[in-house]
Amino acid sequence: MTTQVRTLRAAEWDGWYATLERAFGGAAESPEERGLYRDLTEMDRSFGVWDGSEVVGTAGAFTFRMAVPGGALLPAAGVTMVSVQSTHRRRGLLTQMMRHQLTDVRRRAEPLAVLTASEPVIYGRFGYGVATRQAQLRVETKRVALTLPDGTDDVRLRIVPPAEAVAACERVYARLVTGRPGMLARQPGWERLPVLDPPGDRAGTGELLCVLAEVAGEVRGYARYAVKAEWGDGGPDGTVQLRDIEALDPVVRAALWRYLLSVDLTSTLVSHNRPVDEPLLHMVSDVRRCGVRLREGLFLRPVEVGAALAGRTYAAPVDVVLDVRDAFCPWNEGRWRLSGDAKGASCERTADRPDLALSVRELGAAYLGDTRLSALAAAGRVRELRPGALAEASEAFGSDVAPWLPHGF
């Protein structure tokens, strides 16, 4: 087999994307979704593997800025559209594409690469660790009550067409990004993703709705949702399918949740992606009625260890030497001295005796503060070489706010 890895040409996009769709089950996406991703595709960051004239592998990346602990926005490559055709499995094509891509990410001086995985087992061998989790909720709305802060009744709510509210919603979203590690600063074009609502993809729900929350004429929160109307023997039994909810303060957030949990003719609210520290879980009278399930969210890989670790701040003072293993990106191999606190950090090469030994995958898992280094050590994935170093580093890497990726890419 003779294959060629090369950058995608614009005229090849339709065939390249059809190859991706085939690898994910063969069902063609709606014209609206396909058109959106055609517009978002960065051709110079997208490539494929060709076997003769046939595309047998695809991969790409989006140019993102991601919030990290301390509030900085670091450049991050959003790895996406990865596939290998079933006819060409077990021939090293995925490894070849991952190596090609990470070399390009390094060339672009992006210290981080991030992705969401169709199958979690795939990307650990390329140095990606699970850096955020997401909560899935199924709330029995008729069986919970809410404890609400004062002022909730002063919030004005109004339903507007989602397309007309995009600008107002994006202003709210933008104000929240730096306050939660893992959130992405949305580049032009990405504001279309949360309001994508092809009629053929609704699966029995009504159209997407948007409710704006205003205080003194200022939009301070929003929620986007659709209702699936159902009726049982006892009467209406519909479901609110929540797409997203954001708010600038607890009062506005409470007003939006009260509204969503009391939509007429519904008895259930479903959300597939909320942060694990979702405030609703501390407002409800019975959290058991919220059907909480956790799953992995964002996978993260430091592409340049020094720049990545120096680009965030730390919850407690830390001064440790990390012995990093990274066979896939050998420029990261070796010892790094990390020194930092809540004001800033440095991370430089050193010949000093190491304090902790770990792979770049563990660094990726701990980077945003969701996974404790101490937990990884208990699983045998981090080794403490200096007594006390593990507790010091584990505390320092933590985040007071749970990291979270609000949408896929």
Side-chain angles (χ1 to χ4, degrees), residues 13-14 16-18 20-43 45-46 58 60-66 78-83 114-118 134 136-137 159-174 176-177 182-212 219 221-229 239-247 256 260 263 269-275 295 297-298 404-409:
W13 189 89
D14 285 317
W16 179 85
Y17 200 78
L20 174 69
E21 289 176 319
R22 186 188 309 128
F24 278 83
E29 293 176 349
S30 66
E32 295 90 342
E33 186 168 2
R34 220 170 189 270
L36 172 60
Y37 278 102
R38 171 66 187 255
D39 292 344
L40 292 175
T41 298
E42 300 178 36
M43 297 297 174
R45 305 201 66 166
S46 303
T58 65
F62 296 118
T63 302
F64 287 140
R65 292 180 302 133
M66 187 182 71
V79 176
T80 188
M81 301 181 187
V82 179
S83 74
V114 295
L115 58 84
T116 61
S118 57
Q134 61 192 47
Q136 300 178 337
L137 309 179
I159 296 176
V160 297
E164 294 181 12
V166 165
C169 294
E170 289 301 298
R171 285 193 292 271
V172 171
Y173 177 89
L176 296 169
V177 169
M183 290 187 72
L184 301 173
R186 287 207 270 257
Q187 307 297 324
W190 283 94
E191 75 283 353
R192 295 164 55 191
L193 181 63
V195 296
L196 188 67
D197 185 35
D201 291 351
R202 291 177 182 165
T205 68
E207 65 179 349
L208 185 68
L209 300 171
C210 178
V211 57
L212 295 181
V219 174
Y222 64 88
R224 288 180 283 222
Y225 68 98
V227 175
K228 186 173 185 178
T239 300
V240 173
Q241 298 193 353
L242 178 63
R243 181 168 297 189
D244 53 1
I245 174 175
E246 300 293 352
L256 286 167
L260 291 166
V263 173
L269 178 142
V270 173
S271 175
H272 296 292
N273 184 14
R274 299 303 303 155
R295 58 164 289 174
L298 183 76
W404 176 57
L405 176 70
H407 61 80
F409 48 83

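Residue indices begin at 1 and follow the sequence shown.
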| Do Phe64 and Trp190 have their ring centres less than 6.0 Å from each other? | yes

**Message:** Would you say NE2 of His407 has more than 12 non-hydrogen atoms from neighbouring residues, nucleotides or ligands within 6.0 angstrom?
**Reply:** yes

Rounding to 0.5 Å, atoms OG1 (Thr80) and CG (Leu20) come to a distance of 7.5 Å

Query raised in the report: Does the cation-pi check pass for Arg186 over Tyr173, that is, NZ or CZ under 6.0 Å from the six-membered ring centre and within 45° of its axis?
Result: yes

Item to complete: Test Arg65 against Gln187 for side chain to side chain contact (heavy atoms under 4.5 Å, CB included), laying out the working first.
Response: CA-CA 9 Å; Arg65 292 180 302 133; Gln187 307 297 324; 3.7 Å; yes

For Pro198 and Leu196, the nearest pair of non-hydrogen atoms, with its separation, is CD-C, 3.7 Å

| message | Walk me through whether Trp13 and Thr41 qualify under side-chain hydrogen bond (donor to acceptor under 3.5 Å, both in side chains). | response | CA-CA 9 Å; Trp13 189 89; Thr41 298; 3.0 Å; yes

Interatomic distance, CG@Leu193 vs CG@Leu40, rounded to 0.5 Å, equals 7.5 Å

Here the pair of heavy atoms bringing Gly221 nearest to Val172 is N-CG2, 4.1 Å

For a quick check under 3.5 Å, do Glu29 and Tyr37 share a side-chain donor-acceptor pair by atom type? no

Under 3.5 Å donor-acceptor, Arg274 side chain and Ile245 backbone: yes

d(Cys169 SG, Glu191 CD) to nearest 0.5 Å is 11.5 Å

Might you work through the side chain to side chain contact (heavy atoms under 4.5 Å, CB included) test for Arg192 and Asp39, ending with a clear yes or no? CA-CA 11 Å; Arg192 295 164 55 191; Asp39 292 344; 3.1 Å; yes

In this structure, CH2 of Trp404 is separated from CG of Leu298 (nearest 0.5 Å) by 12.5 Å

For Trp16, does its backbone N or O pair with a side-chain atom of Thr58 as donor and acceptor, under 3.5 Å?
-> no

Taking the side chain from Glu164 and the backbone from Pro162, do they hold a donor-acceptor pair closer than 3.5 Å?
no

Side chain to side chain contact (heavy atoms under 4.5 Å, CB included) assessment of Phe24 paired with Met81: CA-CA 10 Å; Phe24 278 83; Met81 301 181 187; over 6 Å; no

Smallest heavy-atom separation, Tyr225 atom then Val211 atom, equals CE2-CG1, 4.3 Å

Review point. So do the side chains of Met66 and Val114 get within less than 4.5 Å of each other, counting heavy atoms only?
Key: yes

dist Leu209:CG -> Gln241:CD (nearest 0.5 Å) comes out at 12.0 Å

Quick one: does any side-chain atom of Glu42 pair with a main-chain N or O of Thr63 as donor and acceptor, under 3.5 Å? yes

So CG of Asp197 and CZ of Arg202: to nearest 0.5 Å the spacing works out to 4.0 Å

* **Any Ser83 side-chain heavy atom under 4.5 Å of Glu21 side chain** => no

All heavy atoms of Asn273 vs all of Leu405, minimum pair found to be ND2-O, 3.0 Å

All heavy atoms of Pro194 vs all of Arg243, minimum pair found to be O-NH1, 2.9 Å

Minimal heavy-atom distance between Ala165 and Val160, with the atoms involved, is CB-CG2, 3.4 Å

Original post:
With no hydrogens and no angle check, is any side-chain donor or acceptor of Asp244 less than 3.5 Å from a backbone partner on Tyr222?
Top reply: no

